[in-house]
Structures are given as structure tokens and as C-alpha cells.
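Each remark here refers to the structure printed beneath this line.
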Amino acid sequence: MSDKEKKSTEVLESKGLSRRGFLGASAMTGAAVVGATALGSSIMSREAFAEAAKEAKSKTHVAPGELDDYYGFWSGGHQGEVRVMGVPSMRELMRIPVFNIDSATGWGLTNESKRIMGDSAKFMNGDCHHPHISMTDGKYDGKYLFINDKANSRVARIRLDIMKCDKITTIPNVQSIHGLRLQKVPHTKYVFANAEFIIPHPNDGTNFDLSGDDAYTMFNVIDAESMEVAFQVIVDGNLDNTDADYTGKYAAATCYNSEEATDLGGMMRAERDWVVVFNIPRIEAAIEKGDFATLGDSKVPVLNGRAGSELTRYIPVPKNPHGLNTSPDGKYFIAAGKLSPTVTMLAIDRLDDLFDDKFEDPREVVIAEVELGLGPLHTTFDGRGNGYTTLFIDSQIVKWNMDDAIRAYNGEDVKYIKQKLDVHYQPGHTHASLTETSEADGKWLVVLSKFAKDRFLPTGPLHPENDQLIDISGDEMKLVHDGPAFAEPHDCIMARRDQIRTKKIWDRDDPFFAETVKSAEADGINLTADNKVIRDGNKVRVYMTSLAPAFGVTEFTVKQGDEVTVTITNIDQIEDVTHGFVMVNHGVSMEISPQQTSSITFTADKPGLFWYYCSWFCHALHMEMCGRMMVEPA
Ligand code: K7E
Ligand code: CUA
Ligand code: CA
């Protein structure tokens, strides 16, 4: 401990508070700054601290057997999955593997998941940032959740009725899908996905120059049902985050590299970069008219949306802007300044005039640009007219009133900043309950802090992050919970629990494993009844049922070098009775939930006897649920 720290600990202890207690108390009341320098003025009494802690506990406490009010979906960042959380308990309910390989469920190992991953199944990593739930009329419809993969330029869809990924699309002609949002109105027909990095076209190794017109990145729009890329729009600069409006007409994206530089210094040169607005009906009309080109082998319509095009408008905003968020009243696109201490509010109802060239200066759509603090990254809303913006450098979340911000921008003497609350530490995204919909309910706010430092038991050089839960239902923000998170939930989304309707057991005709059912039928197999081994040259197909606590086939024989496909149908009808299948020493593992069919293919490359067993605890005799594969030498 340094002298300074020792001193502060002494002072704290003399006031009946530990350093840790001080951190907690200060955070809970939103009082002043954390740290030894701010001692004295902001210390609560011991009683007040105990009272605040008790209140916080009662707010987030979801007793054993009780259910949370909200589903939260957290991105898993460069870990590649989506995590399902209960809010306000912040309990982790489930993990949905998407861009990663998952040993428990067999994601990335089973034939069903490999089919969904398609050509990109060869990649074992992903980097997901932005999970978003499909909407109808500006409200969550609970059908799908979409998420980007920055690492391998993909967009995935999760079916929320089964909480499994059912489609993954690699976006052609671009690198690194980052910002992702959905069309809100009339329904999520389109997924808007920003590609971040500028690349040469064609990118075939003949040209590495990024300065010419044949180097660019694109705004990508995916059909939410088919998951095919509907169109791509060439832009100037690059693209970071995006959001859509509540008319279905506009999407907007931040650009931090208007300089089109390849180095850090260059990307920070300009005082302003921009928000680019996309006019969706005009783009659709241009495609209708055949006003597009294609690139290479891709059939996706590519349109020119560079400055001067009728399809886009470029609005200068300061400086390396990052988050782009639509207020739930549908009035504003709000860009967070990142290298500028400001947020810029763009009036969506002025965009028609902007596109009709009624303004000399595109900055006419800027209705306010106000200072909030250092390093503003993302904004969320309570549905009562307030925005909440994370301040990365200040390690704070700032609550500000949008109407007051506009009045202040117009010269009135109003305080638009309502409160600043310390968060721990360096927050990125923030998300309030139902905030991306017209139903923003102003109850809970999650702040996803990038650094946990000393907030949890130490875990070695690699620390968890810290997802903090803040009660925003009253006038004051109150920090009520710290939740450690593994790398790196950039963003999360919360929906009311009644908005998500899940299946209890699988339907036998579920498309998730329909291909597997089809090929079994071609083998003359009735999956829910038959236990059979079919030999087809050096391919062996083993079909079996599982019913707790036994597999339908408990021994089978193959030849060394055979390609073996094991297809298992769980004929248990009881909710929660999931079986697993692990073939020892073969890298084979998968989940088979009630009424599900799962299959996995491997090579029996070693002669000998190999046990297989059930890996999901299903029965008192779960350990006994096993069988043997005999591999005869070639
Ligand atoms: Cu701010 Cu990828 Cu949404 Cu991270 S991005 S924080
Ligand atoms: Cu079947 Cu454990
Ligand atoms: Ca810049």
C-alpha cells in the first residue's frame, strides 16, 4: 500500500468506514468522486450506508424460486457467445454459443451446428458486440436476436423460442462487421450492419493502396427472414455504430475515420467526422430501377452512397464519434463524441428536408450539441425524456435531460445535466430496460464497465469486467449491483419476460434438425423408434434413441478408418431431461434435449474398445447411461 493509500485507509477507518465501504457507499448515493482526494465531503454516515446497502439488496434480490422481471441478452465479445441473464438478479441463466465452439452443447461439433455455421465453420473464434431483438411496430416481438461478428465479418441470428443460433451469414466484400441494429418499424425486415475497415476492391492482392476511389467500406443490409444480404452501400470514411428510426425510413451510422487514414494520428486529425444517414426507400427504389453494380462473384446489389449521392447524407459531428442511439420518442439520433466531450442530437424530423436539399448546411439538422464529460461512448434512455451516457475517461454515467439540452444549446440558462454517477471503471455500453423500443420503461440500467480493478476477488493478471446494475426508477440513479463478467460483453439488451416465449421441449418438426431427419428418412429410419446401424462403404451411420437412463444402442462395431455418424433422438417427453453423448477419446460431445435429434460425425481412427456415455445429468442412473464402440483394426 502506498503512503497515500495508507493515509486514506486510516481516515476512512477513523470514520468507521473501510476503503471498500467508502467505494460502495459513494457509488450507491452517486456522491462525488471516488478516491482519497475526495474524502470528507462525500462520506455518508455508517447508518446511511447500511440503509442504502439494504435498500439496494432488497431491490435486486430475487428469492430462490422466484423469477426475474427481465431477460437480458449479453454479448460475449471476443469469447463469441451470447449470455442470457436474469435482471435484476443478474444471474446468468444460459449461454448460447454462436461464433465459438461449445463443448457442452456440441456447438461447432454437431452436424446441425456446422450446417448453420456454413463455410465459416472452420473458424473457431468470433467477436460479437451488439445483440438486438427483432421488433414489430417499435416493440420487441421476441422472435429473433441478431448479433455481429467483428472478427470474421458475420451476422448471426438466434431464435429466441429455442435460444439457439439458427443462421449465420458471412458478409461478402467487406471486413469486420461492427455496428448492428434492426429496423424497428413497421417490423424488422432489415438488419443494418456496418463494416468498419476500408479495403481495396477487388481485394485480390493486386492493389494495397487505400487512397483511391477503389478503396472503401460499406453499409450492409440483411434480410432478417432469409438472412441473405439484401444490398450494400459504399460510403466515404468508415463506419462504427448504427441505429434506425421509428418511421422505417432512416438508418444512421457514425464514422470516426472521415480522414480515411491508416494510422492512429491520421484518424484523429479532423475536428469533425460525421454521421451518415441512409435513406432506405430511396435505396430500395434505386435497386428496383437496376441502379446498382455487383462485386466479384457476389450477387448482392452494391450502391454508391458516397457524398453527393441521393441515397445518403453526411452530417459533420465532433470528433471520432462512437455510439449512435435513437431516442425512444423517435425524435433524435444521438451521436456520442468520444474524443469530444459532447453528444450531438440530430432531429429526425428534419431529415426529409435534408434529403430534399432544403438546407445549405447539413448541420441544420443538429438540434443540440452539449457537453457531458470526457469520453462519451454510448447513450440509453428512460422513456421520461432523459438520456444516460457513459463517460469512458471520467468513469461515470451522466444522466441528462434532452429537452433541457436543446434549450441550453439555444442559449437558455438551464441545467441539462441531472446527475453524474461514478461507475467502476471505464464504461463502454450502457443499456436501460426496453430502451430501444417505444416502450422504454425507465426501471433498470446496466453499465458495462471495461475494468473491474479491485471490485472482486483477484483472479490473476486477467481481470473480469464489471457489469453494474443501476436503479433509475427514481429521480436519482442508484448503483445496486456489481456483476463480474468474462470477456467482453460490449453490449446487452433487456426485454420484459412476457416478451420472450420459449418452447419447453422441441417440436419433432423443428427446422433446426430437419436436414438430419431428412437424411434419416432416406435411410428408412424412424428416428423416434429405430435403433439401427447402417453400413455404407466406409461410412457407418448409427441411429439410436435415448430415454433416461439408456441409449437405444449400447454397442456397435466399426472398422478402423470408418467415418461414423451417430444420430440420437431423445424420446423423453419430460421438460429438462436432456441427455448428452460423449465418445471417449474422440473429441465428440453433444446435447440432446427432450424430443431433439442431434448428430455428430467423426473418424474411428484407432482400433480398440471405446466407451460412450451420457454427459448431461439426466437420472439417478445417469452414470450407467453408456455404451461401447468396438473398432476393429483395418
Ligand atoms: Cu462501444 Cu463495439 Cu458497441 Cu464496444 S462498441 S464499447
Ligand atoms: Cu442421459 Cu445423463
Ligand atoms: Ca477522425
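When a ligand or atom number is given, it counts from 1 through the structure's own listing order. If you're wondering where the values come from, they're calculated on a predicted model, not measured in any experiment.
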Looking at [X], which atoms of ligand 1 are within less than 4.0 Å of one of its heavy atoms?
X: His378; result: 1 (Cu), 3 (Cu), 5 (S), 6 (S)
X: His130; result: 2 (Cu), 3 (Cu), 5 (S)
X: His178; result: 2 (Cu), 5 (S)

Nearest-neighbour protein heavy atom for atom 6 (S) of ligand 1, which is reported as residue plus atom name and distance: Lys450 NZ, 3.4 Å

Atom 4 (Cu) of ligand 1: nearest protein contact (heavy atom, Å): His490 ND1, 2.0 Å

Positive for side chain to side chain donor-acceptor pair (under 3.5 Å) with Ser599, one of Asn111, Thr110, Thr565: Asn111

Given Glu196, His178, His490, the one that forms side chain to side chain donor-acceptor pair (under 3.5 Å) with Lys150: Glu196

Donor-acceptor pair between Thr435 and Thr380 side chains, under 3.5 angstrom: yes

Asn526, CG atom: more than 12 neighbouring heavy atoms under 6.0 Å: yes

Selection from Lys338, His129, Gln426, His322 by shortest heavy-atom distance to atom 1 (Cu) of ligand 1: His322

Any Asn241 heavy atom less than 4.0 Å from ligand 1: yes

Proximity flag Lys150 to ligand 1, non-hydrogen atoms under 4.0 Å: no

His622 atom (N/O/S) at minimal separation from atom 2 (Cu) of ligand 2: ND1

Heteroatom N/O/S of His429 within less than 2.8 Å of atom 2 (Cu) of ligand 1: no

Spacing of CZ belonging to Arg181 relative to CG belonging to Asn194, to within rounding of 0.5 Å: 10.5 Å

Nearest-0.5 Å distance, OG1 of residue Thr242 to CZ of residue Phe192: 7.0 Å

Metal check, atom 2 (Cu) of ligand 2 vs Trp616 N/O/S, cut-off below 2.8 Å: yes

N, O or S of His619 under 2.8 Å from atom 2 (Cu) of ligand 2: no

When the side chains of residues 543-555 are checked against the rest of the protein, which donor-acceptor pairs come out under 3.5 Å, sequence neighbours left out?
from, atom 1, to, atom 2, distance (Å)
Tyr543, OH, Asp523, OD2, 2.7
Thr545, OG1, Asn531, OD1, 3.4
Glu555, OE2, Arg628, NH2, 3.1

Apex atom 2 (Cu) of ligand 2; atoms Cys618 SG and Cys614 SG; angle rounded to 10 degrees: 120°

Cationic N near anionic O, under 4.0 Å, Glu112 to Lys164: no

Ring center gap for His429 and His129 short of 6.0 angstrom: no

Angle, OE1 of Glu259 through the Ca ion (ligand 3) to OD1 of Asp273 - 10° precision: 70°

Tyr256 O and Asn320 OD1 subtending at the Ca ion (ligand 3) (10° steps): 90°

Asn257 near the Ca ion (ligand 3) via N/O/S, less than 3.0 Å: no

Test log, rule salt bridge (Lys or Arg N to Asp or Glu O under 4.0 Å), inputs Arg269 and Glu259: CA-CA 7 Å; Arg269 204 176 302 123; Glu259 302 89 342; over 6 Å; no

